[in-house]
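The structure presented is a predicted model; accordingly, all values stated were derived computationally and were not measured. Excluded from the calculations below are hydrogen atoms, water molecules and symmetry mates; all remaining heavy atoms, backbone and side chain alike, are included.
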Amino acid sequence: MEIRDRVALVTGAGTGIGRASAMALAAAGAAVMVADMDDIGGTATVRQIEEELGGAAAFVKVDVAWPHDVRTMFTAAETTFGGVDIVHNNAGLIGGEPIWPEAELERIMKVITVNLGGVAMGTQEGIKALRKRGGGCIVNTASTAALRPMPTDPVYSATKAGVVRITESCAGLADEGIRVNAVLPGVVDTDMTNLHTGDGTRPALWLQPVLADVKMLSPEDVAAVVLELIRDDSAVAEARVVSTHE
C-alpha cells in the first residue's frame, strides 16, 4: 500500500514506538492522528511532525482501555482528516513492579484492558473505518513475549499472544482489501522499558533475565517494520518479528 497522501492513526504515539511510527508515517507522506493519554507527549509528537517534517498531524487524548475513547479517536480522525487508511494499534503496558505473582490485581487488569482490550477494540473500530475507505491496513504491536513463557510477567506475555491471535483471525478481511498484521519486537529501548529503574536510563532489575544475551531494539527499528508491513501487499495476518538487522 502506498503511504503518501493517506491518513494514519497511531495509538501510544506520545513516546517510544508509537512516536517513531508516527514520525516514519509522516515522513512517508501520511497525515497522522496522534492518539495517547499523555497530553505532553502527544502534542510533542505533533509538533515534531509539523516542525521537523512539515507534515500534517493532530492530537487526540485517549485511554484505549475505554470503548468511548476508542470510538472518539476514530471520530476525531474522520473529522480532522476525512477518514483513516492506516491504523497502528500500538499502545501497551508492562506489568512492572512488584513482579508476578506479587503484582497488584489492579495493575494486572490494566495491562489486560490496554494490551488486549485496546487492540481488540482498535482493530474492530479500525475495520469499520477502513471499510468506509474501501480498504487499508492495520498493524498491531505484539511482542516476542507472545512466543514464549515470561515468568516475571506472564500477563504481559498472555496479552501479546492474544494480539497475535486477533491478528491471525482477521485473515479473511483481505477479501475486502483490509490487511491486518502484527509486529513483534523484542526488548525496545523506550521509556516504558526503563520506567521502573529509579533513574529512567536503564531497564529495571527484574527485566535482567529477559535481557540476557539480547540486543535492545530502537523504536525506529520497530517503526521500519511497521512501514514494511503497510507497504507489503502480500502481508496478510502475519506476525512479523523485528530483528536488529545486524
Side-chain angles (χ1 to χ4, degrees), residues 1-26 28-50 53 55-93 110 112-141 162-163 166-167 169-170 173 176-183 223 226-227 229-230:
M1 177 182 185
E2 175 57 49
I3 295 172
R4 181 164 299 280
D5 298 326
R6 304 286 187 171
V7 178
L9 186 156
V10 183
T11 68
T15 188
I17 294 170
R19 175 176 287 178
S21 176
M23 293 292 291
L25 285 161
V32 184
M33 178 58 65
V34 172
D36 203 291
M37 62 187 302
D38 176 12
D39 300 80
I40 296 174
T43 54
T45 299
V46 170
R47 187 165 57 252
Q48 272 192 268
I49 290 172
E50 292 176 338
L53 301 174
F59 171 68
V60 58
K61 184 172 183 175
V62 300
D63 180 345
V64 298
W66 294 97
H68 173 269
D69 284 20
V70 174
R71 294 190 190 100
T72 294
M73 68 185 184
F74 283 97
T75 299
E78 186 165 354
T79 300
T80 305
F81 296 118
V84 178
D85 305 292
I86 298 164
V87 180
H88 183 192
N89 290 310
N90 167 73
L93 296 173
K110 186 66 173 179
I112 292 170
T113 53
V114 170
N115 290 9
L116 186 56
V119 169
M121 291 187 288
T123 300
Q124 179 168 306
E125 291 301 302
I127 291 165
K128 294 176 185 178
L130 298 186
R131 279 174 170 162
K132 294 179 182 179
R133 307 281 270 194
C137 298
I138 297 174
V139 179
N140 296 324
T141 298
V163 169
I166 288 170
T167 299
S169 297
C170 292
L173 291 165
E176 300 180 46
I178 297 172
R179 295 185 296 107
V180 184
N181 294 287
V183 60
V226 171
L227 266 64
L229 286 167
I230 294 167

Identify the two heavy atoms, one from [X] and one from [Y], that lie closest to each other, and give their separation to 0.1 Å.
X: Ile230; Y: Val139; result: CG1-CG2, 3.9 Å
X: Ala22; Y: Ile49; result: O-CD1, 3.9 Å
X: Phe59; Y: Thr43; result: CD2-CG2, 3.9 Å
X: Phe74; Y: Gly122; result: CZ-O, 3.6 Å
X: Val114; Y: Ala65; result: CG2-CB, 4.0 Å
X: Gly14; Y: Arg19; result: O-NH2, 2.8 Å

Evaluate the criterion side chain to side chain contact (heavy atoms under 4.5 Å, CB included) for residue pair Val84 and Glu78; output intermediate values, then yes/no. CA-CA 7 Å; Val84 178; Glu78 186 165 354; over 6 Å; no
Pick from Thr11, Asn90, Thr167: which one makes a side chain to side chain donor-acceptor pair (under 3.5 Å) with Asn140? Thr167
Rounded distance [0.5 Å steps], [atom1] in [X] versus [atom2] in [Y]:
X: Ile178; Y: Ile138; atom1: CD1; atom2: CD1; result: 6.5 Å
X: Met23; Y: Leu25; atom1: CE; atom2: CG; result: 11.0 Å
X: Thr113; Y: Trp66; atom1: OG1; atom2: CH2; result: 8.5 Å
X: Cys170; Y: Ile127; atom1: SG; atom2: CD1; result: 4.5 Å
X: Leu130; Y: Thr123; atom1: CG; atom2: OG1; result: 10.0 Å
X: Ile17; Y: Thr141; atom1: CD1; atom2: OG1; result: 5.5 Å

State, with a plain yes or no, whether a side-chain heavy atom of [X] is found less than 4.5 Å away from one of [Y].
X: Leu173; Y: Val180; answer: yes
X: Thr80; Y: Met33; answer: yes
X: Leu93; Y: Asn115; answer: yes
X: Val183; Y: Asn181; answer: no

Any donor-acceptor N/O pair, [X] side chain to [Y] backbone, under 3.5 Å:
X: Arg179; Y: Leu229; value: yes
X: Asp63; Y: Met37; value: no
X: Arg6; Y: Ala30; value: no
X: Thr45; Y: Ala13; value: yes

Can you tell me which residue among Leu9, Val226, Val32 is in a side chain to side chain contact (heavy atoms under 4.5 Å, CB included) with His88? Val226
Please assess Val10 against Val34 for the test side chain to side chain contact (heavy atoms under 4.5 Å, CB included), listing each intermediate value before the final yes or no. CA-CA 6 Å; Val10 183; Val34 172; over 6 Å; no
What's the verdict on side chain to side chain contact (heavy atoms under 4.5 Å, CB included) for Met121 and Arg71, showing C-alpha distance, side-chain angles and the deciding distance? CA-CA 9 Å; Met121 291 187 288; Arg71 294 190 190 100; over 6 Å; no
Name all residues meeting the salt bridge (Lys or Arg N to Asp or Glu O under 4.0 Å) criterion together with Arg133; count only those two or more places apart in sequence or in a different chain, and write none if there are none. Asp85
Apply side chain to side chain contact (heavy atoms under 4.5 Å, CB included) to the pair Met73 and Lys61, showing each step before the final yes or no. CA-CA 8 Å; Met73 68 185 184; Lys61 184 172 183 175; over 6 Å; no
Run the side-chain hydrogen bond (donor to acceptor under 3.5 Å, both in side chains) test against Glu50 and tell me which residues pass, sequence neighbours left out. none
